[in-house]
Amino acid sequence: MMAVPKVNVTHSLRGRLLWFLLAAITMAAVAQAMIAYSSALNDADQIFDYHMQQMAMSLRSNAPMAATGNRDPNDPGNDEMVVQVWTPDGIQVFRSLSRAELPQRAVLGFSNVRANGTTYRVFSAQTATQTIQIAQDLAVRKRMAGTLALRTVGPIALMAPVLMLVVWWVVSGSLAPVARVQRQLASRKADDLSEVSDADLPDEVRPLVQELNLLFSRVQTAFEAQQNFVADAAHELRTPLAALKLQILSLARADCSEARDVAIGRLSAGVERASRLVEQLLVLARTEAADAKLEPVSLTDLAKRAVGDMAGAAQARNIDLGLEQADEATVQGQGDALVILLRNLVDNAVKYTPAGGTVDVSVLGAGADGGAGPRLVVEDSGPGIAAEERERVFNRFYRVPGSEAQGSGLGLAIIRAIAERHGAKLALDASERLGGLKVTVEFAPR
C-alpha cells in the first residue's frame, strides 16, 4: 500500500487570520451576489407577471379578429413574447409574429410550459368569445435578473480587493508587536534573562509575555542561587582539601608508628568531614532543584524513622534520644525530603548537645497546643542559639562563633530549603523544658 505523504500545515497566527478573513470576504461577496440575483429574479417575475396580466386584460374584446396566416417568412418575429387568441371552438384567430410554437391548450392563470427547447411563462384569460394566451420566455427574466444582480454586486467586487488590502494592513500592524518580541528574544544571549517589553501588545498576547517574564525572573533567581552555591561550595571545599593534603604530607613524614597512627586518625577524620560536606552539598543541590510530586505523608512514621536512624549516633555520645509525643498527623509532601529534614534536625541536636544530654522529637497534630497545622518539634538540652544569631544560622556555611562541634554549616540551610518547598514555617526558639534549642516546623493546615 502506497504511503500517503504528510503535509505540513503552517500554524502562523497572521497567516490564519488573513486566510480566514479573506475567505470570509469572498464568501460574503458570493452570498451577496446570490441574494441579489434571487431578489432581482423575484422582482422581475412579479413585474413581468403583472405586465402579462395587464396585456391580456387589454386584449379582451368582443370584436372579431382575423386569422394571421400571411406572415412574412423572412421576418423572424419576437420569440421572447408570444400572444395567441383562440375562439371557443379552438380556432386561432390571432397570433403574434413569432417562430415559437406553443401547445394548443391553456391553463387559466399562470403556468410554466416547456416548448421549443426553453421554458415559457404563460398567462391565460378566457372570455365568452375568446381565450387569450400571453407567453414569455423565462430566459429573458433570468438575463434581466443577472444584469440587475451584476449592477448590485459590481461595486462590492470592486471594493473587495481594497477591503482585502485593509484587512492585510490591519492584521499585519496588529501583530507587529509580536514580531518585535520575537526579534528581541532571537537576538538575546543565553544568559540574558531581563524582562521582555509588553508595550503595545494585544490583550491576548500580553499575559503570555508577562508569564514569560515571570519565568525569566524565576530562572534568574535559580541561576544566581546556583552561581552562589557553586562559588560557596568551591570556597568551602578548598579548606578541607588543603587540610587533607597537609595530613597526607604529615603521614608521609611520620617516622614512628605512634606518629603514623596519629596522622592516619587525622586523615580519616579529614576524609570524613570532606565526605560529609560533599554529601550535604549534594543534598542541598538536589533539594533546591527537585520538583517532586507531593503526596500524603505521615509525619509520625517519618519521625520514628529519623529517630531510629540517629539512635546509634546518640547512643555513642550517651544522649537520651526519643519520641516525646507522637500525634497522628498527615501532610502533603515528599517523603524522602522530609526524612532528610528530620534527620538533619536530630543530627544537629545530637551533635551540639553535650554528652549525657537529652534530645526529644515531637509530632503535634493540627490544633494541638494552639497550632494551626501539624508540627514537628525537636528540642535539646544543648547550649542553644542566641537570639541575634537565629536568622544568620540559616545562611549556607555559616557556623555560630565559638561552636566546638564539627560541621559544614549546611544543615539548617537544607532544612529551610525543604521546609519552604513544602510551604512550612521554620522557627528557632529556646526550649523551656530542656533549656537548649527548640526547632519547630509548622505545616499549613489541610
Side-chain angles (χ1 to χ4, degrees), residues 218 221-222 225 280 282-311 314 321-353 358-380 382 384-385 387 389-396 410-434 436-446:
R218 293 194 294 269
T221 301
Q280 294 284 71
L282 293 176
V283 169
L284 180 60
R286 186 168 61 252
T287 300
E288 292 184 342
D291 191 14
K293 181 180 179 182
L294 302 182
E295 56 186 7
V297 178
S298 172
L299 292 181
T300 306
D301 294 343
L302 295 182
K304 292 177 180 178
R305 179 178 168 185
V307 170
D309 291 343
M310 298 303 300
L321 171 63
L323 195 58
E324 176 69 18
Q325 183 175 344
D327 296 343
E328 286 298 328
T330 303
V331 297
Q332 289 292 119
Q334 184 188 3
D336 294 339
L338 291 176
V339 166
I340 295 174
L341 178 145
L342 262 170
R343 192 179 294 156
N344 275 275
L345 283 175
V346 177
D347 180 53
N348 280 350
V350 170
K351 186 186 300 180
Y352 289 94
T353 299
T358 302
V359 175
D360 287 337
V361 179
S362 301
V363 179
L364 306 179
D369 295 341
R375 284 172 293 163
L376 290 171
V377 180
V378 178
E379 299 179 85
D380 61 62
I385 300 177
E389 295 286 340
R390 289 173 186 167
E391 185 61 31
R392 298 183 64 186
V393 294
F394 290 113
N395 296 333
R396 295 169 181 170
L410 287 173
L412 287 175
I414 294 174
I415 292 170
R416 178 180 236 181
I418 296 175
E420 289 178 347
R421 185 168 295 278
H422 287 77
K425 297 179 181 178
L426 184 62
L428 304 183
D429 204 350
S431 174
E432 297 179 359
R433 187 169 58 87
L434 299 180
L437 182 66
K438 178 182 178 180
V439 182
T440 303
V441 182
E442 183 175 357
F443 296 86
R446 297 185 65 182

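None of these values were measured; they are calculated from a predicted model.
The two residues Gly333 and Val297 make their nearest non-hydrogen contact at O-CG2, 3.4 Å. In terms of heavy-atom proximity, Thr353 sits nearest to Thr358 at CG2-N, 4.0 Å. Contact detail for Thr330 and Pro374: the closest heavy-atom pair is O-CG, 4.4 Å. In terms of heavy-atom proximity, Gly373 sits nearest to Glu442 at N-OE2, 3.5 Å. When all heavy atoms are compared, the tightest approach of Val441 to Leu426 is CG2-CD1, 3.4 Å. For the residue pair Ala349 and Asp380, the shortest heavy atom distance occurs at CB-OD2, 3.7 Å.
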For this session: Applying side-chain contact (heavy atoms from CB on, under 4.5 Å), run through Leu376 and Leu341 and close with a yes or a no.
Result: CA-CA 10 Å; Leu376 290 171; Leu341 178 145; 4.2 Å; yes
Exercise. Does the pair His422 and Val331 meet the rule for a side-chain contact (heavy atoms from CB on, under 4.5 Å), with working shown?
Worked result: CA-CA 9 Å; His422 287 77; Val331 297; 5.9 Å; no
For this session: List the steps and the verdict of side-chain contact (heavy atoms from CB on, under 4.5 Å) for Leu437 and Tyr352.
Result: CA-CA 10 Å; Leu437 182 66; Tyr352 289 94; over 6 Å; no
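A side-chain donor-acceptor contact under 3.5 Å links Thr300 to the backbone of Asp327. No donor-acceptor pair closer than 3.5 Å links the side chain of Asp360 to the backbone N or O of Glu379.
Contact check on Lys351 versus Asp347 returns a salt bridge, with a Lys/Arg side-chain nitrogen under 4.0 Å from an Asp/Glu carboxylate oxygen.
Rounded to the nearest 0.5 Å, atoms CG (Leu342) and CZ (Arg305) are 10.0 Å apart. The NZ atom of Lys438 sits 9.0 Å away from atom CZ of Arg433, with the distance rounded to the nearest 0.5 Å.
Residues Asn348 and Ile415 are in side-chain contact: their nearest non-hydrogen atoms beyond the backbone lie under 4.5 Å apart.
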